[in-house]
**Q** 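Starting off with a structure, shown below.
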Amino acid sequence: MGDDDSMETLVRDVIRRSSVLMPDRASADRLTEAVLLRAIAENNKGRLTDPRLQLMGMLDEEHRLRAKRFLN
């Protein structure tokens, strides 16, 4: 990962994107948490090869499949 794709920057981007997708901050935080926990699990299995692409894909998938679960 280059400087532009530091893990800190990537996590901030996931947070920003969650905030756009969800109607309130608490829901966005829960969506972000779900994505990051999933990413940690995938990384432990050695499946996280392109973090930016995969985290953003996970975010879209979690939102599409489970967005209602994260609402207040």
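All values below were derived from every heavy atom in this structure, side-chain atoms included, with hydrogens, water molecules and symmetry-related copies excluded.
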**Q** Rounded to the nearest 0.5 Å, what's the gap from OG on Ser18 to CD on Glu33? Could you check?
**A**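 Going from the OG atom of Ser18 to the CD atom of Glu33 covers 11.0 Å.
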**Q** Of the non-hydrogen atoms in Asp24 and Ser27, which two are nearest, and what is the gap between them?
**A**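 In terms of heavy atoms, the two residues are closest at OD1-N, 2.8 Å.
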**Q** Which heavy atom in Arg25 sits nearest to a heavy atom in Ser19, and how many Å separate them?
**A**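 So the two residues come closest at NH1-OG, 4.2 Å.
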**Q** So how far is it from Leu65 CG to Glu62 CD, rounded to the nearest 0.5 Å?
**A**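 Here the rounded value is 7.0 Å.
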**Q** Rounded to the nearest 0.5 Å, what's the gap from CZ on Arg66 to CG on Leu31? Could you check?
**A**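 Nearest 0.5 Å value for the CZ-CG distance: 10.5 Å.
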**Q** Measure the spacing between CG of Asn43 and CD1 of Ile40 and express it to the nearest 0.5 Å.
**A**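 The CD1 atom of Ile40 is 8.5 Å from CG of Asn43, to the nearest 0.5 Å.
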**Q** Any chance you could measure Leu36, atom CG, to Leu10, atom CG, to the nearest 0.5 Å?
**A**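 The distance works out to 8.5 Å.
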**Q** Does Gln54 reach the main-chain N or O of Ala39 with its side chain, forming a donor-acceptor pair under 3.5 Å?
**A**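 Between the backbone of Ala39 and the side chain of Gln54 there is no qualifying donor-acceptor contact (under 3.5 Å).
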**Q** At their closest point, which heavy atom of Ala34 faces which heavy atom of Arg69, and how far apart are they?
**A**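 So the minimum-distance heavy-atom pair works out to CB-NH2, 4.4 Å.
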**Q** Kindly give the heavy-atom pair with the smallest separation between Leu21 and Asp60, and that separation in Å.
**A**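 Here Leu21 and Asp60 meet closest at CD1-OD1, 4.5 Å.
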**Q** What heavy-atom pair brings Glu61 and Arg38 nearest, and what distance separates the two atoms?
**A**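 Looks like OE1-NH2, 2.9 Å.
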**Q** With a 4.5 Å heavy-atom cut-off, do Val20 and Arg16 have their side chains touching?
**A**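 Side-chain contact under 4.5 Å: no.
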**Q** Met58 versus Glu42: any side-chain heavy-atom pair under 4.5 Å?
**A**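 Yes, close enough: below the 4.5 Å cut-off.
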**Q** Does a salt bridge link Asp13 with Arg17, judged by any charged N lying under 4.0 Å from a carboxylate O?
**A**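 No, no charged N to carboxylate O under 4.0 Å.
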**Q** Do you know which two heavy atoms are closest between Val14 and Leu59, and how far apart they sit?
**A**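 Distance-wise, the nearest heavy atoms are O-CD2, 4.0 Å.
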**Q** Decide whether Met7 and Leu48 are clustered together by the hydrophobic rule: side chain heavy atoms of Ile, Leu, Val, Met, Phe, Trp, Tyr closer than 4.5 Å, transitively.
**A**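 Both belong to a single hydrophobic cluster.
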